[in-house]
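Written out below as C-alpha cells is the structure these notes cover.
Only heavy atoms go into these numbers, but all of them, side chains included; no hydrogens, no water, no symmetry mates. Residues take their numbers from the sequence shown, with the count starting at 1.
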Amino acid sequence: METRIYSNTQEVIISPDRPTVIIGERINPTGKKRLAASLAEKDMSRVRRLALSQVKDGATVLDVNVGAAGVNEVELLPMAIQAVMEVTDVPLCIDSANAAALEAALQVYKGKALINSVNGEEASLERVLPLAKEYGAAVIGLTMDDSGIPQDPATRVAIAAKIVERAESYGIPREDVLIDCLALSVGADSQAAKVTLEAIQRVREELGVNMTLGASNVSFGLPDREAINSVFLAMVLAAGVNAPIVNPKHARKVAIIADLLLGRDEFAMNYITFYRQQSQGRD
Ligand code: THG
C-alpha cells in the first residue's frame with residue numbers, strides 16, 4: 001500500500017513498510033495570532049519562514065492551512081501554496097474545509113498534492129472526490145459525517161470504509177486515500193485518545209490503507225502539551241498511523257525512535273544518522 005505524492009522535483013512515498021512521513025502542521029493560524037494577522041494583510045513572509053523552518057526540522061510534507069477569521073481562503077490559499085513552492089520543494093498537503101479554496105489551490109500547485117480533506121458527508125464526498133480525480137491528487141478522508149464525529153471506533157471504521165469505496169467509484173485508487181481517525185482533546189473527554197487508537201488499529205487491519213492524524217489535537221487545553229503529544233504520537237504510530245500531521249521540531253525524534261522499535265530501521269541506520277547530526281549540533 002503505497003501513497004505517492006510529489007512536487008515539481010520531489011516524491012514522497014507513504015507506506016507501512018517505510019519510515020514515518022512527517023507532515024508539518026505549523027502553517028496554520030489556529031492559536032497563532034501573528035500568523036493570522038499577517039495572512040489578513042496578504043503578507044506571506046511568515047508562511048515562507050514556517051515552511052523553511054519545518055523542512056529544516058525534518059518535515060518531508062507541509063500542511064498549508066490559512067483558515068482564520070477575516071480571511072478569504074479562496075484567494076489566500078493559492079497565494080500561500082505559491083509562497084511555499086517558492087522556498088521549498090517538498091510536496092504539499094492542501095488543508096481547507098472550503099472546496100472552492102481547495103480547487104483554487106490545486107490550480108496553482110505543481111505536482112501531485114494531498115487534499116486535506118473529504119469526510120463522510122454526502123455533500124463533501126460529491127464535491128471533493130471529483131477534485132481529487134480531476135487533479136490527480138491523493139486525499140485525506142476524515143472519519144466523520146453529518147452526525148458529527150462518532151464516539152465509537154466501529155462507526156469511524158465504517159465511515160472510513162465508505163470513503164474508500166466511494167473514492168474507488170470515482171476512479172481514485174485506495175492507495176490515494178489516507179484515512180484520519182481524528183484525535184480530540186483528552187482534556188474534554190477522557191476516552192478520546194483510546195477511541196482514536198482503537199479506530200486506527202481496526203482501519204489498519206480491516207482496510208489496510210495508509211493513515212494520517214492531526215495528533216497535536218489530543219492535548220488542546222492542557223499544560224505541557226509537548227509531553228502529551230510525544231507519548232500519543234508513539235502510540236498512534238504503533239497502532240498504524242504512518243503520516244502524522246505534527247510539529248516536526250518535537251515529533252521527528254519520536255518518529256525516528258518509533259520506526260526503530262517497529263522494525264522500520266535496519267541496523268538502526270536512520271537513528272544513528274539522526275543521533276550523529278544532533279550531537280554535532282546540526283539538524
Ligand atoms: N486532521 C487533518 N488535518 C488537520 C487536523 C486534523 N489540520 C489542522 C489540524 N487538525 C492539525 N494541525 C494543527 C496545527 C496546530 C496545532 C494543532 C494542530 C496547535 N497549534 C498550537 C496552538 O494552537 O496552541 C500552536 C503551537 C505552535 O506555535 O506551533 O496545537 O485533525 N486531516
Side-chain angles (χ1 to χ4, degrees), residues 1-28 35 39 44-67 73-96 98-99 101-118 128-129 131-141 167 172-173 175-178 180 209-214 241-249 251-252 255-256 270 283:
M1 185 65 67
E2 290 189 344
T3 308
R4 294 166 179 263
I5 56 176
Y6 38 87
S7 66
N8 235 346
T9 59
Q10 285 180 21
E11 180 179 52
V12 167
I13 304 176
I14 299 164
S15 159
D17 308 325
R18 291 175 185 263
T20 299
V21 168
I22 293 183
I23 304 177
E25 73 180 8
R26 300 197 70 229
I27 303 174
N28 185 324
L35 178 61
L39 284 171
M44 294 296 148
S45 56
R46 276 181 194 280
V47 168
R48 287 194 195 87
R49 245 181 292 156
L50 285 167
L52 287 170
S53 66
Q54 290 185 103
V55 170
K56 175 181 143 283
D57 287 338
T60 53
V61 178
L62 294 176
D63 187 81
V64 180
N65 181 315
V66 297
E73 284 193 65
V74 180
E75 183 186 15
L76 260 289
L77 193 56
M79 282 178 69
I81 295 289
Q82 199 80 58
V84 174
M85 287 191 301
E86 281 163 22
V87 294
T88 168
D89 275 329
V90 301
L92 302 183
C93 174
I94 303 174
D95 189 353
S96 177
N98 178 334
L102 291 174
E103 181 157 28
L106 286 163
Q107 281 166 355
V108 304
Y109 184 69
K110 292 182 177 55
K112 179 180 174 186
L114 179 56
I115 296 174
N116 188 5
S117 55
V118 69
V128 178
L129 292 178
L131 289 179
K133 179 65 185 170
E134 181 180 350
Y135 290 90
V139 62
I140 293 173
I172 302 162
E175 286 80 7
D176 280 343
V177 181
L178 263 75
D180 181 337
V209 294
N210 289 315
M211 277 180 277
T212 186
L213 192 73
V241 168
N242 51 2
I245 303 172
V246 286
N247 183 341
K249 193 178 182 76
R252 177 160 61 161
I256 285 172
N270 288 339
D283 54 21

Would you compute the distance between atom [atom1] of [X] and atom [atom2] of [Y] and round it to the nearest 0.5 angstrom?
X: Arg49; Y: Arg26; atom1: CZ; atom2: CZ; result: 11.0 Å
X: Ile14; Y: Ile23; atom1: CD1; atom2: CD1; result: 5.5 Å
X: Ile27; Y: Asp95; atom1: CD1; atom2: CG; result: 11.0 Å
X: Cys93; Y: Ile245; atom1: SG; atom2: CD1; result: 5.0 Å
X: Leu50; Y: Asn28; atom1: CG; atom2: CG; result: 10.0 Å

Nearest non-hydrogen partners of [X] and [Y], listed with the distance:
X: Ala167; Y: Val177; value: CB-CG2, 3.6 Å
X: Ala132; Y: Ile172; value: CB-CD1, 3.8 Å
X: Val21; Y: Ile13; value: CG2-O, 3.8 Å
X: Ile22; Y: Gly58; value: CB-O, 4.1 Å
X: Ser96; Y: Glu73; value: OG-OE1, 2.7 Å
X: Asp57; Y: Arg252; value: O-NE, 3.1 Å

Report yes if some heavy atom in the side chain of [X] is under 4.5 Å from a heavy atom in the side chain of [Y]; otherwise report no.
X: Asn270; Y: Pro19; value: yes
X: Ile94; Y: Ile115; value: no
X: Ser7; Y: Tyr109; value: yes
X: Val47; Y: Leu35; value: yes
X: Pro91; Y: Leu114; value: no

Give a yes or no on whether the backbone of [Y] and the side-chain of [X] come within a donor-acceptor separation of less than 3.5 Å.
X: Arg48; Y: Val87; answer: no
X: Thr88; Y: Leu52; answer: no
X: Asp89; Y: Thr9; answer: no
X: Gln54; Y: Glu25; answer: yes
X: Thr3; Y: Asp176; answer: no

query: Distance only, no hydrogens: is a donor on one side chain within 3.5 Å (strictly under) of an acceptor on the other, for Asn116 and Asp63?
result: yes
message: Pair Met44, Leu76 - check side chain to side chain contact (heavy atoms under 4.5 Å, CB included), show working.
response: CA-CA 9 Å; Met44 294 296 148; Leu76 260 289; 3.1 Å; yes
query: Pick one: which of Leu106, Val64, Leu62 meets side-chain contact (heavy atoms from CB on, under 4.5 Å) with Ile81?
result: Val64
field: side chain to side chain contact (heavy atoms under 4.5 Å, CB included) between Asn242 and Arg18, intermediate numbers included
entry: CA-CA 8 Å; Asn242 51 2; Arg18 291 175 185 263; over 6 Å; no
- prompt: Can Val90 and Val12 be said to form a side chain to side chain contact (heavy atoms under 4.5 Å, CB included), step by step?
  reply: CA-CA 8 Å; Val90 301; Val12 167; over 6 Å; no
